[in-house]
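Read the structure below first, then the notes.
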2 protein chains.
Amino acid sequence: MEDEVDRLVAAWRRERPDLDVEPLEVLSRVSRLARHLDRARRIAFAEHQLEPWEFDVLTALRRAGTPYQLSPGQLLTQTLVTSGTMTNRIDRLAKKGLVERLPDPSDRRGVLVRLTDTGRDRADESLAGLLAQERAILGELSRAQRAELAGLLRQLTAPFDNIPG
Amino acid sequence: MEDEVDRLVAAWRRERPDLDVEPLEVLSRVSRLARHLDRARRIAFAEHQLEPWEFDVLTALRRAGTPYQLSPGQLLTQTLVTSGTMTNRIDRLAKKGLVERLPDPSDRRGVLVRLTDTGRDRADESLAGLLAQERAILGELSRAQRAELAGLLRQLTAPFDNIPG
DNA sequence: CTCAAGTATCTTGACATCGAGAGAAATTGG
DNA sequence: CCAATTTCTCTCGATGTCAAGATACTTGAG
């Protein structure tokens, strides 16, 4: 089955036969697939009255385990946004009653963001929904193919995640 | 080499051992990698005084071949943005002298967006820069692995690209 | 021990961009 | 010739980044 990137690559080969555009076969697919996933996630989360960014923050806290709290700084590295954005997100989640801010007892500069009980339930419900949707998208692939794909992608993400930057 | 998604999956297995979170191994890596790529692209394009969104539009026109023109509607499907966004982008590109709007001779509702000579040069230069960067990122993988990865990703993108939605 | 300089953490405010939805203009088909 | 559709534009609210600021911690010379 052909996809939009096949057409894109074919067009480049016609217009710029002097260039080797093979890298696009991988990385353009990654970017485009990510945009499709964003849209699909947005729809899936709407059932739980959550925006994708809310899900990202709530589940980061949920994964931290009891007592479900992290500093804004820790949330930054997990969600790949800037500090100004995170302040804003915490404000809005706090206003909805899904998280609360607590002073960090060991560092008065710091803040701890803690999941409320409602926030915890919301995170759990919407994770289940997300997994169901993702399983449908991955239905195209066998279990072995999924493992293969995960391994190859890890080789690309690891440098970004480990070398700071 | 471990990446952030390995840590994320391990955390879920600890917190929610009742759920099968295997889908995240693939799709969370896709989303995170895409964000890293966005940042890297932004830096690469800055050398050519281009934003990523400008690159997307200019290269779509460049790929169309002589006379380098497409309707806004055609640009929508290639760049995965909404019509209001595209109007805005065309405005800004036109103001910078990289594209121009022409009336569609066969449909007076319609518009054709055409690349200027400057725009064409800018697209060509920045494509070369992007490919160099992407080759560096893919350096981790052998040619065979890149082909394998491209094939697996195609299976995931094809349904989105072919079934409208 | 003390204090100044440097570093870390979070917040704020200015600015840019995006998406959703309504609206205007032209075309199509019965 | 009219209703439905297509195509593009416009406006508005929401969100993101960046740079600067406020506060607190840390380090090291004297």
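Both Ser83(A) and Gly110(A) lie near DNA chain D, and the one whose nearest nucleotide falls closer to the 5' end is Ser83(A). DNA chain C is contacted by both Trp53(B) and Gln74(A); Gln74(A) maps to the nucleotide lying nearer its 5′ end (nearest heavy atom per residue). Residues Arg89(A) and Thr85(B) each lie close to DNA chain D; by heavy-atom proximity, the contact nearer the 5' end of the strand is made by Thr85(B). DNA chain C is contacted by both Arg42(A) and Gly73(A); Gly73(A) maps to the nucleotide lying nearer its 5′ end (nearest heavy atom per residue).
In the set dC8(D), dA24(D), dG19(C), dA24(D) carries the atom at the smallest distance from any side-chain atom of Asp107(A). Checking dA24(D), dG19(C), dT9(D) against every side-chain atom of Arg108(A), the shortest atom distance belongs to dA24(D). Looking at the side chain of Thr87(B), the nearest of the listed nucleotides dG19(C), dC8(D), dT17(D) is dC8(D).
Between Arg101(B) and Asp91(B), at least one side-chain N (NZ, or NE/NH1/NH2) sits under 4.0 Å from a carboxylate O, which counts as a salt bridge. Under 4.0 Å is where a charged nitrogen must lie from a carboxylate oxygen, and between Asp6(B) and Arg29(B) at least one such pair does. With respect to Glu54(A) and Lys96(A), a salt bridge is recorded, a charged nitrogen being found less than 4.0 Å from a carboxylate O.
A side-chain N or O of Thr85(B) and one of Thr82(B) form a donor-acceptor pair less than 3.5 Å apart.
The nearest whole Å value for the distance from the CG atom in Leu75(A) to the C1' atom in dC10(C) is 12 Å.
Within the 4.0 angstrom heavy-atom criterion, no nucleotide atom of any strand lies near Asp104(B).
In the interface, the side chain of Arg109(A) is paired with the base of dA8(C) through a donor and an acceptor atom under 3.5 Å apart.
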